[in-house]
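The shown structure was predicted, so the numbers you read here are calculated from the model rather than taken from an experiment. Atom set for the values below is all heavy atoms of this structure, side chains included, hydrogens, waters and symmetry mates excluded.
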Amino acid sequence: MSNRGPRNRESGWTLRYPLLPPLLLLLLLLPCALGLYIESFSGAFGDHHRFDNEAEDVIDRIRGTTRTECQSQCDATANCRGVAWKTKSTTATHGVCRLLSALGSGKGKDHNKFLLSWTRADFDQRYQLVGGFDGLQSMRFGTAYDKTARLFKFDAQLPDCQFRCTEDPLCKGVFHVKQQVTNDWVCVGLSDLGDLTNSDTESYSYKKKGPEFSLPKNVLLLVADDLRPSLGFIDNEVITPNIDALSRRAMHFTRAYAQMAVCAPSRQSLLTGLRPDTMKIWQSRTSFREYDPNHVSLPQHFKNNGYLAFGTGKTFHNYEEVNYDIPLSWSEDLPYAPSVQEYSNMRQNLSLTLQQTVDGSQFYPQAGPNYEWDVSEYLDYKIASNAINAINYAFNNRRPFFVCAGFHFPHARHTVPGHIWDMYENRTISEPIVRHVPDGAPAIALDYSLSAMDYVFQGNLKRERTASPYESYSGDATTYLKRGYYGAITFMDSQVGRILDTLTNLGLDDSTIVVLTGDHGYKLGDNNMFKKRTNYEWDTRVPLLIRDPNYTPQALETDALFQLLDLYRTLSDLAGISAPHFKVEGRSLGDHIRQPTNMPPNPFAFSQFYRCPTNGVPVYLENECMDNIINGYMGYSVRSPDFRLTAWVPWDVSLNTGNWSNPDSIQLELYDHRKDLVAYGTKVGEESVNIAYHPDFQADVKMLFHVLQQEFAQVL
C-alpha cells in the first residue's frame, strides 16, 4: 500500500511536463514582445522589414550586440543599408548583428521568430519614393506572365517589392498583385516581362529603370487660353489652390515664352515643334497640315510610340472642326470633344444679357457674374470631364496615355459662376505698373485692334472704346475686367483640380508627367493696352509648370529661357520615348529638369507678330492681314536674360518672308530687363522705355540684331 495520498491531476501533468506552463506563457507573450521590439526601433532607425537573413552581402558580423548597438554600427558604416539582428530567444538582450550592403530577397529564413531586421532610416525614406529617384517606373499591364521568368515571389508592400528588383541584376520588372481572397499584396520579380496583356486580378506592374528598360510615362498637357503669369503661387491676387498645389511638386519656368501672341500660330507651334514662319501660319484659319501633310505632331509622336493620344477642347485651335486631325494626331478610341456646335453655343451663352449704355448703344459686357448656371454647364467643366474620361479609358485598358486638355478660360468673355465672382468682392486688385505705351516705341509695335472691344465698369454701365493705345482709360474699368479675368482663372483652376484628383485616385501621380501652361500671355491695361497681339513681355510670357515625378519631388524654380516649341523635345525626353528624327526646331530642357545645375540649352527665346498698315494705322486684322499683306511688317523679337530686342522688318510678298536687306527700313525696340536697372527711366521688370537708339546700348543692339538675322533671315 502506498503511503502517498490521492493523486492531484493538475500537479500530475505539471510534474510530468514541467516546461509546458512557461512555454504557453511565452507563446502568449511572444507577439507582444516582438511588437515592442519593432515599435521601439522602427522610428529611431527605420521601418521594420523582413528580408533574407542569409544575404550574401554581409559587410560584418558582430556578436554580443544589443539591438541599439547593432543599429548604431550600421549608422556609422557608409555602405550599410540595413541590419539583421538574431538572438537565441525572444527575451535575449544580446545577439548576432549582421551589417548588410543589400537587403536580399525576402525569402528563406526571414520569418525566423528570433530574427528582426531594419533598414537605415535615410535609405528607407529614399527607396520608398515610389517611382522616385531610386524606385521603378510605373506601368499598368496585365497579370499573365511566364512562370519560368519568375525570379522571386513573396508577400510585400510596394517599396519592398520595387527595392528587391533594383537589387537583382536579372530583374527587369515586378508584378505587384493583390490577392482576391486574403487582400494581401504579393511581389513577383520577373527576368522577362513578355507580353503582359491579360488582366484577371487587381495588379500593378513596374519596369526597371535604365537605358534598356526605360518606360514611357503618361503625359498630361494642360493649356489654358490667354493665360498670363497670374496664378496664386506667383501673384497672390489670384485664387488658384489646385495649381498652387501642383507647383509644390513641379519646376516653375519663370521665363517661358510663346512664339506668337495669338491662338492658332502659338498652339500649332507648340504641338508641332515648328516656328510660325516655318509653317507659314500667322493667322487662325490655317492648319499645319497645309504646310506639311506628313509632319508628325507632338501627340502623334507619342501615339506612334504606343500611347493612347486624346485631345479635348482647344488644342490646335481646332474647335471649328469636329474630330480634328483624327486619326493622325489623336487615337480613334474616343471622339474629339467638344464639337464645334457645342463650343459656339457655349461662347454665345457665356455672354451676359445685352446691355445698353448711357448713350443708348448696345453691347455685351466683357465680364460679370452668372448666378443661374450650374458649373457643369460651363465649357471648361465639359473639357475636364472629357480629359477624365480619357484618363480612365487608358487606365482601364492598361495603356500609357498622352492627354491634352485645352481650356477656354481665361479667354474673354469673362462671365464666371456667381460664387467665384463673389470671391473677389473684397479682394485687392492692383492697377498696372505702367499705364502708358513705352516711351519711344514705334507706332507699328502697338495694338490698335481694341477699338471694337466693349468694356464696362461697375455702376453706370458706361462703355469705354479704346480707339488708340494713346488714349486714357478708367481705372475702375481695369479693376472690373481684372476681376472677371481672375475669376475665369479660378474656375479653370477648379477644373484642373478635378483632373489632378483623377490621377491621384487611380494611383497615377507617380507615373504621369504634368505640364500646365498658356498659349500666350495677356495685357490687362499694361502699357495702356488690353488683350494680346504684340511682342511685349505681358503678351509673350506664359506660366509654365512641369511636374516629373522622378525629378521634381518638391517646388523648383528656374529662370532658364524656355520656348513653348521646346515642349516637343522636352516631353519626349522626359517620357523616355525616341527623339523625333524629323524636323523639330525646339530643344529639350530635360537635362535641366533632371539636374537644375545643368546649363540650360537656350541662350535666347524668340517670338514674332505682324502688322498690316491700313489708312496709315498699323492694325492687326486677324485673318485678312497675311492674306492681303501690302506694305506690311513682321516684328521679330528675341528675349535674352537681360534684354528684349524687336526688329520690325518689311514683309516681302514675293518671298513670303521678311526683307532684311535694307537695315534703314527696319524699326527697332530694345527693353532692358535687368532687375537692378534704375537709369534711363525704366521701371523694374517693365518695358516702359525704348532704348534701342541710346548710344550706351548699341553693342547690345548689334549683337541681338545679328541673333535675329541668324534665326529668321533667309538671305544674310
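For D235 (side chain) and L231 (main-chain N/O), no donor-acceptor pair under 3.5 Å exists by modelled atom type. Within the 3.5 Å criterion, the main-chain N or O of A258 finds no donor-acceptor partner in the side chain of T540. When atom types are taken as modelled, the side chain of Q608 and the backbone of M260 share no donor-acceptor pair closer than 3.5 angstrom. Looking only at distances, no side-chain donor or acceptor of T312 sits under 3.5 Å from a matching main-chain atom of A405. With hydrogens and angles ignored, the 3.5 Å screen pairs no side-chain donor or acceptor of R547 with any backbone N or O of I513. In this structure, the side chain of D566 engages the main chain of R587 through a donor-acceptor pair within 3.5 Å. Counting only distance, with no hydrogens or angles, the side chain of S269 and the backbone of Q259 share no donor-acceptor pair below 3.5 Å. With Y257 contributing its side chain and L564 its backbone, the two residues share no donor-acceptor pair below 3.5 Å. Within the 3.5 Å criterion, the main-chain N or O of Y568 finds a donor-acceptor partner in the side chain of S572. Distance alone, capped at 3.5 Å, places no donor-acceptor pair between the T315 side chain and the G311 backbone.
The aromatic rings of Y485 and Y522 lie parallel to each other, their planes meeting at an angle below 30°, with 60° marking the opposite boundary. Using the six-membered ring where Trp is involved, H414 and F409 have ring planes that are tilted, between 30° and 60° apart.
Every residue meeting the side chain to side chain contact (heavy atoms under 4.5 Å, CB included) condition with L328, not counting sequence neighbours, appears here in chain and number order: R289, Q300, D325. With sequence neighbours excluded, the residues that form a side chain to side chain donor-acceptor pair (under 3.5 Å) with R275 are Q563, E711. With sequence neighbours left out, the side chain to side chain donor-acceptor pair (under 3.5 Å) criterion links D333 to Y393. Every residue meeting the side chain to side chain contact (heavy atoms under 4.5 Å, CB included) condition with S376, not counting sequence neighbours, appears here in chain and number order: D374, Y381. N242 pairs by the side chain to side chain contact (heavy atoms under 4.5 Å, CB included) definition with D493, not counting sequence neighbours. The salt bridge (Lys or Arg N to Asp or Glu O under 4.0 Å) search around D548 returns K217, not counting sequence neighbours. Under the side chain to side chain contact (heavy atoms under 4.5 Å, CB included) criterion, D422 pairs with Y371, not counting sequence neighbours. Evaluation of the side chain to side chain donor-acceptor pair (under 3.5 Å) rule for S247 yields no partner, not counting sequence neighbours. Applying the side chain to side chain donor-acceptor pair (under 3.5 Å) rule to S297 yields the partners S329; only residues at least two apart in sequence or on another chain are considered. For the salt bridge (Lys or Arg N to Asp or Glu O under 4.0 Å) test, no residue two or more places apart in sequence or in another chain qualifies with E557. D380 meets the salt bridge (Lys or Arg N to Asp or Glu O under 4.0 Å) test with no other residue; sequence neighbours excluded. Partners of R644 by salt bridge (Lys or Arg N to Asp or Glu O under 4.0 Å), not counting sequence neighbours, listed by chain and number: E537, E687.
With rounding to the nearest 0.5 angstrom, the CG atom of N527 is 11.5 Å from the CG atom of D447. To the nearest 0.5 Å, the span separating OG on S494 from OH on Y378 amounts to 10.5 Å. Here the straight-line distance linking atom NE2 of H408 with atom CD of Q495 works out to 12.5 Å at 0.5 Å rounding.
In this model, no donor atom of one side chain and acceptor atom of the other lie less than 3.5 Å apart for T254 and R541. For T478 and E431, the side-chain atoms include no donor-acceptor pair closer than 3.5 Å. A side-chain donor-acceptor contact under 3.5 Å links D539 and T534. Between T278 and E585, the side chains place a donor N or O and an acceptor N or O closer than 3.5 Å (distance only, hydrogens not considered). Remark: the D509 side chain and the T504 side chain contain an N/O donor-acceptor pair separated by less than 3.5 Å.
In this structure, F402 has its ring center no closer than 6.0 Å to that of H301. In summary, the aromatic rings of F606 and F712 are positioned with their centroids under 6.0 Å apart. Checked against a 6.0 Å centroid threshold, the rings of Y307 and F401 do not count as neighbours. Note: F609 and Y636 fail the aromatic proximity criterion, with ring centroids not under 6.0 Å apart.
Annotation for A390 and L334: closest pair CA-CD1, 3.8 Å, computed over non-hydrogen atoms.
The cationic atom of R228 (NZ for Lys, CZ for Arg) lies less than 6.0 Å from the six-membered ring centre of W538 and within 45° of the ring axis.
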S430 vs E237, side chain to side chain donor-acceptor pair (under 3.5 Å): CA-CA, chis, key distance, verdict:
CA-CA 8 Å; S430 61; E237 293 184 0; 2.6 Å; yes
Going through the distances and angles, do T570 and F562 end up as a side-chain contact (heavy atoms from CB on, under 4.5 Å)?
CA-CA 10 Å; T570 300; F562 194 103; 4.0 Å; yes
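For the ring pair (Phe, Tyr, Trp, His ring centres under 6.0 Å) with Y480, the qualifying choice from Y486, W421, Y424 is W421, the only one to do so.
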